[in-house]
S.K.: 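The structure follows.
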Protein chains: 2
Amino acid sequence: MTEPSLLRIGDLAAATGTKIVTIRYYEKIGLLPAPPRTGGNYRAYSTTHRERLSFIRRSRALGFTLDEIRELLELSADTERDCAAVDRLVTSHLVEVEDKIADLQRLASELRRMKESCRGGTIDDCRIIEALSSQPTLP
Amino acid sequence: MTEPSLLRIGDLAAATGTKIVTIRYYEKIGLLPAPPRTGGNYRAYSTTHRERLSFIRRSRALGFTLDEIRELLELSADTERDCAAVDRLVTSHLVEVEDKIADLQRLASELRRMKESCRGGTIDDCRIIEALSSQPTLP
DNA sequence: CTTGACCCTATAGTGGCTAGAGGGTGCAGC
DNA sequence: GCTGCACCCTCTAGCCACTATAGGGTCAAG
Ligand SMILES: [Zn+2]
Ligand SMILES: [Zn+2]
Ligand SMILES: [Zn+2]
Ligand SMILES: [Zn+2]
């Protein structure tokens, strides 16, 4: 019979490691439902809100976009459904992340190559500047 | 004595693999100098512009921000100066890239772990949803 | 003299927030 | 009561690096 305690936005922010403005932003874009208000027009959140926001933040920490999170939230509410759709979403996000890693590794090795080519001296002789000035664009 | 040929914005775009709107954007933010205009008010670029834009695009392909590129461009014009500043810029950018790679690798391995934990079935039993709903946020 | 490829400006939108102005609320201490 | 303070409210604008759209003008070929 313990009623879930009501949280003010600052409490919810502290409980989930989210900034207050970010919480209001999530409400504005319809990711977090607008909570009831107190007499003084303060937002009054319940534990349901807290759970949903935690879900969002954990998903964000894994790099999901807000749209992907919207989908995950919808799926998670559809409890009887097969979870293959969740797997697909996670898999395709993982592929994105792996692609991004591969991109960045190409950049990093090119940057290291450039760095090693520099033997000091004036800008005029700098191999880094030379590379940026005349090498072909990366494929 | 061969005068450098004048390029219209579409030619410059084709020559550097840049979109026309992006070229105008670079001009607007002062990264690429505004070229003279023809009678019909078309931008008329010279090879100097083409070289500068190529430099910008190659630097972008290496992940430098436009502000970093602004600095690189300033440095590259200061031909007698010691190139240590260039090295510092490249090194700090490389560190950024490496940090980003490390971040993404953490995400990827967490995503793979979650994916493996899913044994199929309904959403209600899905370990992925469970992990997003109740695991502690990543550190 | 019309077609069509090309060019121009200006404005607004993307994602995921962040910053600031200008004000209201609620509670403790005096 | 009254003041100070932490907290809350809305609204607008800004960040990065573009991208998209509307509503026009230019120019050479057929
Ligand atoms: Zn994704
Ligand atoms: Zn050097
Ligand atoms: Zn950088
Ligand atoms: Zn599952």
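Naming: A, B, ... by sequence-line order, numbering from 1 per chain.
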S.K.: Between CG of Leu73(A) and CZ of Phe64(A), what distance do you get to the nearest 0.5 Å?
M.R.: 11.0 Å
S.K.: As an exercise, state the distance from SG of Cys126(A) to CG of Leu75(B), rounded to the nearest 0.5 Å.
M.R.: 9.5 Å
S.K.: Contact boundaries of DNA chain C with chain B (under 4.0 Å, heavy atoms), 5' to 3'?
M.R.: dC6(C) to dT9(C)
S.K.: Where the side chain of Ser133(B) meets the backbone of Ile129(B), is there a donor-acceptor pair that is under 3.5 Å apart?
M.R.: yes
S.K.: For Arg127(A), does the CZ atom sit with more than 12 other heavy atoms under 6.0 Å from it, leaving out its own atoms?
M.R.: no
S.K.: So, does His93(A) use its side chain to make a donor-acceptor pair with the main chain of Leu62(A) at under 3.5 Å?
M.R.: yes
S.K.: Nearest 0.5 Å please: distance from the CZ atom of Arg52(A) over to the OG1 atom of Thr47(A).
M.R.: 14.0 Å
S.K.: What's Ile29(B) touching, base or sugar-phosphate or nothing? Going by heavy atoms closer than 4.0 Å.
M.R.: nothing
S.K.: Calculate, to the nearest 0.5 Å, the distance between atoms CD and CG belonging to Glu98(A) and Leu107(B) respectively.
M.R.: 11.5 Å
S.K.: For DNA chain C, find the residues of residues 37-45 of chain A with a heavy-atom distance under 4.0 Å and give them by number; none if there aren't any.
M.R.: Gly40(A), Tyr42(A)
S.K.: Would a distance-only check, ignoring hydrogens and angles, find a side-chain to backbone donor-acceptor pair under 3.5 Å from Ser134(A) to Ala131(A)?
M.R.: no
S.K.: Using a 4.0 Å cut-off on protein heavy atoms (strictly under), produce a 5'-to-3' string for nucleotides 11-22 of chain D with B for base contact, S for backbone-only sugar-phosphate contact, and - for none.
M.R.: ------BBS---
S.K.: Could you please spell out the steps behind the side-chain contact (heavy atoms from CB on, under 4.5 Å) verdict for Leu111(B) and Glu96(A)?
M.R.: CA-CA 11 Å; Leu111(B) 287 165; Glu96(A) 289 166 24; over 6 Å; no
S.K.: I'd like to know whether Leu53(B) forms a side-chain contact (heavy atoms from CB on, under 4.5 Å) with His49(B), so could you lay out the CA-CA distance, the side-chain angles of the two residues, the decisive distance to 0.1 Å, and finally the verdict.
M.R.: CA-CA 6 Å; Leu53(B) 182 56; His49(B) 289 101; over 6 Å; no
